[in-house]
There are 2 protein chains.
Amino acid sequence: MELNDIKVLLVDDEADVLDFMKYNLEKEGFWVYTARDGMEAIQLARKINPHIIILDLMMPKLDGIETCRELRAMPEFKNTVIAFLTARDEDYSQVAGFEVGADDYITKPIKPRVFISRIRALLRRLEGQNGVAKLVVGGIEIDRERYLVIKDGKEITLPRKEFELMNLLASKPGRVFKRDEILSKVWGNDTIVGDRTIDVHIRKLREKIGEEYFKTIKGIGYKFDA
Amino acid sequence: MELNDIKVLLVDDEADVLDFMKYNLEKEGFWVYTARDGMEAIQLARKINPHIIILDLMMPKLDGIETCRELRAMPEFKNTVIAFLTARDEDYSQVAGFEVGADDYITKPIKPRVFISRIRALLRRLEGQNGVAKLVVGGIEIDRERYLVIKDGKEITLPRKEFELMNLLASKPGRVFKRDEILSKVWGNDTIVGDRTIDVHIRKLREKIGEEYFKTIKGIGYKFDA
DNA sequence: TTGGGAGTTTAAGATAATGTTAAATGGGGG
DNA sequence: CCCCCATTTAACATTATCTTAAACTCCCAA
């Protein structure tokens, strides 16, 4: 998941806290949305489908705990990361928060560095869960943990690049990946490799997995199809 | 998309805010147009077809929300980036804005650095979507992500130029594209190809998609119609 | 009715883009 | 230090796609 696509919903009734967090997150390239209270937060969340929601505990209308509970009750937010924002000496017990499904507690006052790295840590968790270890696509199973592809019960080991290429293409079956997208995602933005490198790896995959799965879109790139 | 070609439409009733934004954007190489209220904004937008529209929330005649709603109702602005400009403590909820299809909120007072990077971020998003992945026009579906045209459930793969031509024409059904417009959009401003090249590609599309969809406007160009 | 402009169609040649193979490179483990 | 394997490169082969030329059709106006 690109950092550029990450949407964070901040919920707090204090405008300056909101702005401060927003400023720091935007500087890092996140998409930031804000709401002033729980009701607004829920409405907005349904519109924008954020990846992370940061909820202040004390809010008018609907407090953080209640908001969180309501969000968690909706299936679309089952896997959204939700964190609470709390003054250090606010004597709400954290227990209540975790009970309603919070993923983390962040204490005020907010220090930018700490705050950002906290968010990043939460994101890693998010990636961890939806970048599942196993991916099954049309009879082919990709085991990211063991770097294996399993087809018809047979385990096929792939070298790193081949595996990453396979993994990229199979992550969205049917979708065409442009050559430069493949280059930047598998080889990295900085590395410069020759024009034929991708083709050679595709060729190896075709050999090992099967010709029929890898389709060439001339002038554009490749796609994986089952 | 070259930065040089990016057109930004700023809409605000306060002249100094307008000037300030204009100055900063022009310094960065954007083409900036301005309007004082929603009515003017809509008229101007239809003329210049901007990539981004920045709407002040509070405006005479037609406020930001309403303007946005009207713009979004027109097919040509379906994919335009629209952002709202709002005073920090204006307690309009963001919900209303996102409901009418806003892409972002920018808070006043405007800080040049932040403002510019926000605009750039919005542009990246625009490029990313590159128009929506799927476009459905009268029983024909164009799947840009999979590089497919689907008609009556049948998947039709098109070579690159044909696909791009198809995509261009179908992006505004009914609208006539002049031959030189087609040339510059599908082939690029620099490449020099004969006039007959377009016809040949139209021919192939007629073969693959159906004669009836591609209408010739003699002396002008072609249009796609369902 | 006829000539010309504009578009259509076809097929063939030109031109990219990709496929393939083999050999060079380069890094880690024995 | 060497060997093995993954990776990359280089050279060449093989397409798919693009472009063009040329013959053909159609419609309109003289």
Side-chain angles (χ1 to χ4, degrees), chain A residues 144 146-149 155-169 176-225, chain B residues 144 146-149 155-169 176-225:
Chain A
R144 304 187 221 241
R146 301 196 294 151
Y147 260 65
L148 278 178
V149 174
E155 296 190 347
I156 305 166
T157 44
L158 297 178
R160 198 171 68 246
K161 291 286 184 212
E162 281 170 46
F163 186 84
E164 280 168 13
L165 178 55
M166 172 79 200
N167 191 35
L168 175 67
L169 295 180
V176 178
F177 290 83
K178 299 191 187 136
R179 294 180 85 94
D180 51 359
E181 191 182 354
I182 294 175
L183 273 185
S184 79
K185 295 217 168 129
V186 175
W187 277 267
N189 279 310
D190 39 348
T191 48
I192 301 142
V193 293
D195 239 18
R196 303 268 63 71
T197 303
I198 295 179
D199 313 39
V200 174
H201 282 87
I202 288 284
R203 181 160 174 291
K204 301 224 164 117
L205 286 178
R206 283 179 170 149
E207 261 174 15
K208 293 177 189 172
I209 313 292
E211 295 285 338
E212 62 276 26
Y213 294 102
F214 302 90
K215 248 191 155 175
T216 305
I217 312 297
K218 255 190 131 164
I220 312 291
Y222 296 92
K223 70 174 164 181
F224 174 88
D225 242 334
Chain B
R144 307 191 226 261
R146 302 200 299 152
Y147 236 80
L148 282 176
V149 175
E155 298 186 345
I156 305 167
T157 45
L158 298 178
R160 194 178 43 180
K161 293 282 189 228
E162 281 170 45
F163 187 85
E164 280 168 13
L165 177 56
M166 172 80 201
N167 192 35
L168 175 68
L169 294 180
V176 180
F177 289 84
K178 297 187 192 138
R179 298 180 86 93
D180 50 0
E181 190 182 355
I182 293 175
L183 274 184
S184 79
K185 295 221 166 121
V186 175
W187 276 266
N189 282 310
D190 39 347
T191 48
I192 303 141
V193 294
D195 237 24
R196 300 279 125 286
T197 302
I198 296 178
D199 312 37
V200 173
H201 281 89
I202 288 285
R203 165 94 235 318
K204 300 217 166 120
L205 286 178
R206 285 178 168 150
E207 259 175 17
K208 293 178 189 171
I209 313 293
E211 297 286 337
E212 62 277 27
Y213 294 102
F214 303 90
K215 293 218 171 99
T216 305
I217 314 298
K218 260 188 116 156
I220 313 288
Y222 295 92
K223 71 173 167 179
F224 175 88
D225 243 333

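In what follows, every chain begins at residue 1, and chains take the letters A, B, ... in the order their sequences are listed.
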>> Which label fits A/Phe224 and A/Phe214: parallel for a plane angle under 30°, tilted from 30 to 60°, or perpendicular past 60°?
In response: perpendicular
>> Tell me whether the count of non-hydrogen atoms from other residues, nucleotides or ligands lying under 6.0 Å of NZ in A/Lys161 goes above 12.
In response: yes
> Does C/dA6 have OP1 or OP2 sitting under 4.0 Å from an N or O in the side chain of B/Tyr222?
Replying inline: no
> What's the CG-P distance between A/Asp195 and C/dG19, to the nearest Å?
Replying inline: 12 Å
>> Side chain of B/Lys204 only, heavy atoms from C-beta on: which candidate in D/dC18, C/dT9, C/dT18 is closest?
In response: D/dC18
> Which listed nucleotide (D/dC18, D/dT20, C/dG19) is nearest to the side chain of B/Val193?
Replying inline: D/dT20
> Going by an N to O cut-off under 4.0 Å, is there a salt bridge joining B/Lys223 and B/Asp225?
Replying inline: yes
>> For a quick test of reading the model: is some side-chain N or O of B/Arg160 closer than 4.0 Å to OP1 or OP2 of D/dT17?
In response: no
>> If you only use heavy atoms from C-beta on, which nucleotide in D/dC18, C/dT10, D/dT17 is closest to the side chain of B/Glu207?
In response: C/dT10
> Does a salt bridge link A/Asp199 with A/Arg179, judged by any charged N lying under 4.0 Å from a carboxylate O?
Replying inline: yes
>> Pair B/Phe163, B/Tyr147 - check ring pair (Phe, Tyr, Trp, His ring centres under 6.0 Å), show working.
In response: CA-CA 8 Å; B/Phe163 187 85; B/Tyr147 236 80; 4.2 Å; yes
> Under 4.0 Å: is that the gap between some side-chain N or O of A/Thr197 and OP1 or OP2 of D/dT9?
Replying inline: yes
> Quick one: which of D/dT8, D/dC18, C/dT9 gets closest to the side chain of A/Lys161?
Replying inline: D/dT8
> To the nearest Å, how far apart are B/Leu183 CG and D/dC18 P?
Replying inline: 14 Å
>> Rounded to whole Å, please give me the gap between NZ in A/Lys218 and P in C/dG19.
In response: 8 Å
>> Does the plane of the ring in A/His201 sit parallel, tilted or perpendicular to the ring in A/Trp187? Use 30° and 60° as the thresholds.
In response: perpendicular
>> If you only use heavy atoms from C-beta on, which nucleotide in D/dT8, D/dT20, D/dT19 is closest to the side chain of B/Arg196?
In response: D/dT20
>> Please determine whether a side-chain nitrogen or oxygen atom of A/Tyr147 lies at a distance below 4.0 Å from atom OP1 or OP2 of D/dA6.
In response: no
> Within the structure, does a side-chain N or O atom of A/His201 lie under 4.0 Å from either OP1 or OP2 of D/dA6?
Replying inline: no
> Within the pair B/Thr216 and C/dA6, is there a side-chain N or O less than 4.0 Å away from OP1 or OP2?
Replying inline: no
> CD1 of B/Ile182 versus C1' of C/dG7: gap in Å, rounded?
Replying inline: 13 Å
>> Using whole Å, what does the distance between atom P of nucleotide C/dT20 and atom CD1 of A/Ile198 come to?
In response: 16 Å
> What integer distance in Å separates A/Ile220:CD1 from C/dA16:C1'?
Replying inline: 13 Å
>> What is the distance, to the nearest angstrom, from the CG atom on B/Asp199 to the P atom on C/dA6?
In response: 12 Å
> Out of C/dA17, C/dA6, D/dA6, which has the shortest distance to the side chain of A/Pro159?
Replying inline: D/dA6
> Whole-Å distance between C/dT9 C1' and B/Glu211 CD?
Replying inline: 11 Å
> Should A/Trp187 be listed as having a side-chain N or O under 4.0 Å from OP1 or OP2 of D/dT7?
Replying inline: no
> The side chain of A/Val200 lies closest to which of these nucleotides: C/dT20, D/dT7, D/dT20?
Replying inline: C/dT20
> Which nucleotide in the set C/dT8, D/dC18, C/dG19 lies at the smallest distance from any side-chain heavy atom of A/Arg206?
Replying inline: C/dG19
